[in-house]
Amino acid sequence: MDDKTIRRSREEKRPLAEVTQQWTDKFHADCAALNCLPPHVEPTATGHICEQVDMIAQLEKKGHAYRAADGSVYFKVASFPEYGRLSHLKERELKLGTSLKPQTADADEKEDGSDFALWKAHKPDDGDVGWESPWGRGRPGWHIECSAMSKKHLGETIDLHTGGVDLLFPHHENEIAQSECCNGATFSKHWYHSEHLLVDGKKMSKSLGNLYTLDDLRAKGHTPMELRYTLLAGHPRKQLNFTLDSLHAAQKALATLRAYRATLPASGGDAAIFAPVFAALSDDLNTPGALGALFTIVNRGNAGVDLPAFDRVLFALGLKLDEPAAPKAEAPAEVVALAEQRWAAKKAKDFASADRLRGELAAAGWTMLDRKDGYSLEPAKKA
RNA sequence: GGCGCGGUAGCCAAGUGGUAAGGCCGAGGUCUGCAAAACCUCUAUGCGUCGGUUCAAUUCCGACCCGCGCCUCCA
């Protein structure tokens, strides 16, 4: 429900819900491809307007919020002494003259610069996006949805709240302020912030143009599993500099695991052999450590390991090995004809012809892979 | 300027007060006519720099250098 999405909806003359649904669908497809388990509940901000309004009303009643002249409602940060604890911000410590951004448009409406919007009054740019409320027509501020939906679906206090470090301030700080002031209870017992994925040494972002979508990677011949493995190879709490090279490393590592899995018996193993892997995962989600432990075991051979135990590890890591490394390409008829000739020549032990035909195939852009009982054709790797 | 994360082999990356997991690349080998695949072996006296503590530091402490992120309505 942010300005940008509303603007896009108006420009394309499509309902807001349709625009957001398009991205939601894309997100779901990518998550599925990456083998992420779907959440039990996926609430939407627009589906919880009442809950948000209710929460804002309570905050106002308890003196944590105030109405501005234009009909917007702001959270009064000064009313919550704990504010800033999560991000170690004792007080507003912004120093002028460095990277301070220009004052926001609603600066005049707020009593204090650190206050933030709970409810934004409707303005012409919003078009038909808006809901009626005790404060008039408008829409919720962008932090309150999380507080309201979390309360409704998970209760006043949750065990763990996760997110990227960029959300630490102000978003999570504001969530805490809203929820704790409204409910009078601890919002989240634990926080886990993941670091950024870096591309070319910078935070991946649309504005920098150093952004890859899953489809981009697929177009380059990589699989979603390779991406998943690559992300697993870095600690979630450390920045990971993503490179296309790392996808290649992932591809090889997955192939090794796939080949190893094929050697495993259906039963008779000792599940405890993988304890180090789970120990690493249990230790602050140390996924690189877990992969290291996994390969240490793999390198020792398959003694004591069976399929069910190995598959439990794969499940825990969310890795699926049954995916082909690259999409199969259909060779043109003339290429197949060459391949048939070479296979026949090879069978006849006419190796000179066979080698010549391999060369011709290569010139045509195809690599012929021999097996015991047949061959396959793959597009030649580009140099 | 404030707050936070990080600097470990060519690349990616764990980790510990007692002398460096793992993956990729590379090299050698086994096996296949060749190629590919698979498998085996090898590859950091060293963990940003300089000091300090210690019998012992990459691991603790201090200073410094470098990279990245956040610092308010973009979610």
Side-chain angles (χ1 to χ4, degrees), chain A residues 1-5 45 72 74-75 77 84 86-101 103-107 110 113-118 120 140-146 163-171 173-174 193-196 198 201-203 205-207 229-230 232-235 237-243 245-260 262-263 276 280 283 286-299 301 342 346 349-352 354-355 358-359 361-362 367-372 375-376 378 381:
Chain A
M1 243 185 288
D2 65 292
D3 291 329
K4 232 181 338 190
T5 312
S72 294
Y74 291 94
F75 184 91
V77 167
L86 183 68
S87 54
H88 306 110
L89 246 163
K90 299 274 190 298
E91 50 195 84
R92 313 242 41 86
E93 288 174 324
L94 299 178
K95 293 276 160 69
L96 286 162
T98 49
S99 70
L100 241 202
K101 291 175 181 176
Q103 280 289 7
T104 53
D106 57 0
K110 299 193 283 191
S114 54
D115 293 344
F116 55 91
L118 294 168
K120 303 199 78 171
W142 63 274
H143 306 290
I144 194 71
E145 64 191 54
C146 295
V165 282
D166 53 335
L167 262 22
L168 215 157
F169 183 85
H171 186 57
E173 209 66 79
N174 292 354
H193 288 100
S194 57
E195 260 295 351
H196 284 303
L198 265 38
K202 303 275 185 191
K203 173 181 163 185
S205 74
K206 215 181 280 183
S207 56
Y229 185 96
T230 299
L232 244 27
H235 194 113
R237 290 201 297 112
K238 281 174 82 170
Q239 293 169 340
L240 172 68
N241 192 192
F242 175 84
T243 60
D245 240 24
S246 61
L247 287 178
H248 176 256
Q251 182 185 333
K252 302 296 264 186
L254 287 169
T256 298
L257 292 178
R258 195 176 293 118
Y260 177 76
T263 69
D283 179 16
N286 187 350
T287 49
L291 289 176
L294 211 211
F295 273 92
T296 300
I297 293 162
V298 166
N299 291 336
R342 197 192 82 87
K346 185 194 156 170
K349 302 223 182 287
D350 178 5
F351 296 127
D355 286 349
R358 178 183 285 289
L361 282 164
T367 302
M368 186 165 171
L369 301 175
D370 294 358
R371 271 190 281 280
K372 278 200 169 58
Y375 64 87
S376 66
E378 286 184 4
K381 288 199 176 96

Using only heavy-atom distances, decide whether a donor-acceptor pair under 3.5 angstrom links the side-chain of A:Arg237 to the base of B:G69. no
Check this for me: does the side-chain of A:Gln239 come within 3.5 Å of the base of B:C68 through a donor and an acceptor? yes
Minimum-distance nucleotide to A:Leu240 side chain [options: B:A13, B:C39, B:A36]: B:A13
Using the C1' atom on both, measure B:U8 against B:A44 and round to a whole Å. 9 Å
Rounded to the nearest Å, what distance is computed from the CD atom of residue A:Gln251 to the C1' atom of nucleotide B:C12? 16 Å
What is the nucleic acid contact for A:Phe116, judged by heavy atoms within less than 4.0 Å: base, sugar-phosphate only, or nothing? base
Parallel, tilted or perpendicular, judged at 30° and 60°: which one describes the rings of A:Phe116 and A:His143? perpendicular
For the backbone of A:Phe242 and the side chain of A:Ser246, can you confirm whether one donor and one acceptor N or O come within less than 3.5 Å of each other? no
Looking at every strand, decide which applies to A:Asp355 at a 4.0 Å heavy-atom threshold: base, sugar-phosphate, or nothing. base
If you look at every strand shown and take non-hydrogen atoms under 4.0 Å, does A:Thr296 touch a base, only sugar-phosphate, or nothing? sugar-phosphate
Rounded to the nearest angstrom, tell me the gap between atom CZ in A:Phe242 and atom C1' in B:C68. 18 Å
Among B:C25, B:G4, B:C71, the one nearest any side-chain atom of A:Glu195 is B:G4
Nearest whole angstrom, please: distance from the P of B:C70 to the NE2 of A:His88. 18 Å
Residue met sooner reading RNA chain B from 5', once A:Tyr260 and A:Thr243 are mapped to nucleotides: A:Thr243
Separation of the P atoms in B:G7 and B:C47, to the nearest angstrom: 14 Å
When you measure from the side-chain N and O atoms of A:Asn299 to the phosphate of B:G23, is any distance below 4.0 Å, counting only OP1 and OP2? yes
Taking for each residue the nucleotide of RNA chain B bearing the nearest heavy atom, is the 5' side occupied by A:Ser87 or by A:Asp166? A:Ser87
Between the main-chain N or O of A:Ala259 and the side-chain N or O of A:Thr263, is there a donor-acceptor pair closer than 3.5 Å? no
Which nucleotide in the set B:A13, B:A36, B:G23 lies at the smallest distance from any side-chain heavy atom of A:Leu369? B:A36
Mind calculating the distance between CZ (A:Phe169) and C1' (B:C70) to the nearest angstrom? 9 Å
Phosphate OP1/OP2 of B:C12 contacted by A:Lys238 side-chain N/O (<4.0 Å): no
Below 3.5 Å, does any donor atom in the side chain of A:Asn241 face an acceptor in the base of B:C68, or the other way round? no
Nearest-angstrom distance from the residue atom NZ of A:Lys349 to P of B:C34: 11 Å
How close or far is atom P of B:G33 from atom NZ of A:Lys346, stated in whole angstroms? 6 Å
Say we look at B:C65 and B:G26: how far apart would their P atoms be, to the nearest angstrom? 39 Å
For A:Leu167, answer base if it contacts any base atom (sugar-phosphate contacts may also be present), sugar-phosphate if it contacts only those atoms, and nothing otherwise; contact means non-hydrogen atoms under 4.0 Å. base
Which part of the nucleic acid, if any, lies within contact of A:His235, taking any heavy atom under 4.0 Å across all strands shown: a base, the sugar-phosphate backbone alone, or nothing? sugar-phosphate
Are the ring of A:Phe351 and the six-membered base ring of B:G33 within the stacking cut-offs of under 5.5 Å and under 30°? yes
Closer than 3.5 angstrom, by distance alone: can the side chain of A:Gln239 be matched with the main-chain N or O of A:Glu195 as a donor-acceptor pair? no
Taking N and O atoms by type only, does the side chain of A:Asn286 place a donor or acceptor under 3.5 Å from a partner on the base of B:G15? no
Using the C1' atom as the reference point in each nucleotide, state the distance between B:A35 and B:U43 in Å, no decimals. 26 Å
Take the protein atom CG of A:Leu257 and the nucleotide atom C1' of B:A38, then report the distance between them rounded to whole Å. 14 Å
Using atom C1' in both nucleotides, what's the gap between B:C61 and B:A9 to the nearest angstrom? 28 Å
Counting side-chain heavy atoms from CB outward, which of B:G69, B:A75, B:A35 is closest to A:Arg358? B:A35
Side chain of A:Ala259 - closest among B:A21, B:G33, B:A38: B:A38
So what does the secondary structure string of RNA chain B come out as, 5' to 3', with Watson-Crick or wobble pairs under 3.5 angstrom, [ ] for crossing and | for pairs with another strand? (((((((..(((.....[...))).(((((.......))))).....(((((..]....))))))))))))....
A:Gly234 and A:Pro288: which non-hydrogen atoms are nearest, and at how many Å? C-CG, 3.4 Å
Point-to-point distance, once rounded to the nearest 0.5 Å, from CG of A:Asn286 to NZ of A:Lys238: 9.5 Å
Hey, does A:Leu198 reach any base, or is it just sugar-phosphate, or nothing, if we go heavy atoms under 4.0 Å? sugar-phosphate
Reported CZ-to-CG distance for the pair A:Arg342 and A:Asp370, which is rounded to 0.5 angstrom: 4.0 Å
P gap between B:U53 and B:U58, integer Å: 15 Å
Distance between P atoms of B:A13 and B:G4 (Å, rounded): 23 Å
Same-atom distance (C1') from B:G15 to B:U49, integer angstrom: 22 Å
For the side chain of A:Ser87 and the backbone of A:Pro170, is there at least one donor-acceptor N/O pair under 3.5 Å apart? no
Over how many whole Å does the gap from A:Glu173 atom CD to B:G2 atom C1' extend? 14 Å
A:Ser114 versus A:Val77, closest heavy-atom pair with distance: O-CG2, 3.2 Å
Could you check whether the rings of A:Trp142 and A:His171 sit parallel, tilted or perpendicular, using 30° and 60° as the cut-offs? parallel
Looking at B:C34, B:G69, B:A36, which one has an atom nearest to any side-chain atom of A:Val165? B:G69
